[in-house]
Amino acid sequence: MSAKLIKGTEIREQILAEIAGEVSQLKEKHGVVPGLVTILVGQNPASISYVTLKIQTAERLGFKEVQDNQPDTLSEKDLLALIDKYNKDDSIHGILVQLPLPKHVDEKKVLNAIDPDKDVDGFHPVNVGRLMIGGAEVKFPPCTPAGIQELIVRSGVETNGAEVVVVGRSNIVGKPIANMMFQKGRGANSTVTVVHTATKDLAAHCKRADILIVAAGVPDLVKPEWIKPGACVIDVGVNRVGEKISKKTGKKIAILKGDVDFDAAKEIAGFITPVPGGVGPMTITMLMKNTLKSLYASQLAVTPESVSCHRTIRFFWSVGTIPSSILSGVGEVELLPRRKDSP
Ligand code: NAP
């Protein structure tokens, strides 16, 4: 194998350790912890397992975790009232409504009711707009794309001026990661091409990529001859291609495959993510990071005179400094203690 394996499981542990360290300091010095509420309506087994993973991770990090399970008979009005309650709760910094919702509930209406400043999933139209503007406007980058960017940055892959090709244009992966990679800033500043089912010559575009991000949901779509030697290949695809018996538990488990022919691609690429164990572990990790960012943001006061020129933003914060690892993706940030006379 010539490519360096980008291990999402290892990078997840690094980031979770950073977050846990921050949380314990915040708790010790200032008596605050990030608060995350997960709202689950009904008993969809896949939703239960996703929510359980999120809860376990939040608990492991020392967050305040509120698990709000509701029956599938919950009316849209009552769900909106519940969201309103958490929007007003100062101890809650992130609100997560697990999808799908029962058919009698308008999902869009519900998601849009979440306070954009607590929308740690980053899918509220306000946060989509903030992401498009970029820089310090970005509050919550959506979790899977944010995880992809972290994998690239922490693997030491050069993004500045790189040709990035994104396969797929979904709202949850393709569009946001393309948008993030062309912004001016750390881990970005790339030249981005987005390809999809109407693209005439997919192979030709992929071959140009220094960084190839594939999120199509088609097993083995990307062939080894489409990969530029030495390129960084990020395989977002998770495709169930069969079942097997787990050696550990003896239970039936899904056989997962990515969108890239991994065995052949790893001989050509410079860096590559495996499936599973690449992008997958990053999504919940970035959800936790967004919740911590939300807590910090709730303590921040930006005064007009605090914003200086040339991409340096001065935040006045009452309790000290925010680690740059938590604020990654927002450009250069300089932190100063909150002034006595600031609001
Ligand atoms: P999606 O909404 O189905 O979008 C797929 C995109 O890929 C579409 O834009 C589609 O083009 C494009 N596409 C499909 N087949 C193609 C082909 N043959 N050639 C070129 N483009 C093609 O999927 P998604 O939600 O973005 O998810 C993509 C994959 O990532 C899935 O396997 C999903 O399970 C996985 N995923 C993983 C994570 C994670 O690991 N945490 C998170 C999210 C998604 P059109 O727009 O033209 O139809």
Side-chain angles (χ1 to χ4, degrees), residues 5-13 15-16 46-47 49-54 56-57 96 98-100 107-108 111 120-123 128 131 140-152 164-181 192-209 211-227 233-242 253-262 265 272-290:
L5 203 60
I6 300 179
K7 293 181 186 159
T9 41
E10 281 180 11
I11 294 176
R12 168 186 62 192
E13 292 310 312
I15 298 172
L16 290 182
S47 296
S49 70
Y50 293 140
V51 163
T52 305
L53 263 178
K54 290 167 190 171
Q56 285 171 346
T57 311
L96 203 132
Q98 186 64 45
L99 300 180
E107 265 181 20
K108 214 171 172 183
L111 295 182
V120 284
D121 258 339
F123 292 137
V128 175
L131 191 77
F140 305 120
C143 302
T144 301
I148 294 169
Q149 198 178 32
E150 283 281 352
L151 290 180
I152 294 170
V164 171
V165 175
V166 179
V167 183
R169 55 177 164 186
S170 71
N171 288 333
I172 63 165
V173 189
K175 279 183 204 163
I177 189 62
N179 179 53
M180 288 161 75
M181 295 308 293
V192 180
T193 306
V194 181
V195 296
H196 43 76
T197 53
T199 299
K200 284 188 182 130
D201 190 346
L202 204 59
H205 287 289
C206 292
K207 274 183 207 168
R208 283 190 298 105
I211 300 173
L212 180 61
I213 301 170
V214 194
V218 180
D220 289 347
L221 172 69
V222 172
K223 313 294 173 223
E225 59 274 20
W226 298 9
I227 294 168
V233 178
I234 305 288
D235 190 352
V236 190
V238 181
N239 306 291
R240 287 166 189 263
V241 293
I253 52 165
I255 300 173
L256 302 178
K257 226 176 190 318
D259 290 351
V260 176
D261 178 353
F262 178 83
I272 193 165
T273 56
V275 176
V279 175
M282 296 300 289
T283 302
I284 292 180
T285 307
M286 301 316 288
L287 179 77
M288 300 301 141
K289 189 161 167 174
N290 275 350

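Whatever order the structure lists ligands and atoms in, that order sets their numbers, starting from 1.
To the nearest 0.5 Å, atom CD1 of residue Ile11 and atom CG of residue Leu16 are 12.0 Å apart.
The side-chain hydrogen bond (donor to acceptor under 3.5 Å, both in side chains) test applied to Asp201 returns no partner, not counting sequence neighbours. With sequence neighbours left out, Glu13 forms a salt bridge (Lys or Arg N to Asp or Glu O under 4.0 Å) with Arg60. Here Arg240 pairs with nothing under the salt bridge (Lys or Arg N to Asp or Glu O under 4.0 Å) rule; sequence neighbours left out.
Between the side chain of Asn179 and the backbone N or O of Leu131, at least one donor-acceptor pair lies under 3.5 Å. Formation of a donor-acceptor pair under 3.5 Å by the Asp259 side chain with backbone atoms of Gly217 is found in this model.
Listed by chain and number, Thr144, Gly168, Arg169, Ser170, Ile172, Val173, His196, Thr197, Leu202, Ala215, Ala216, Gly217, Val218, Leu221, Val236, Gly237, Val238, Asn239, Gly280, Thr283 each place a non-hydrogen atom less than 4.0 angstrom from ligand 1.
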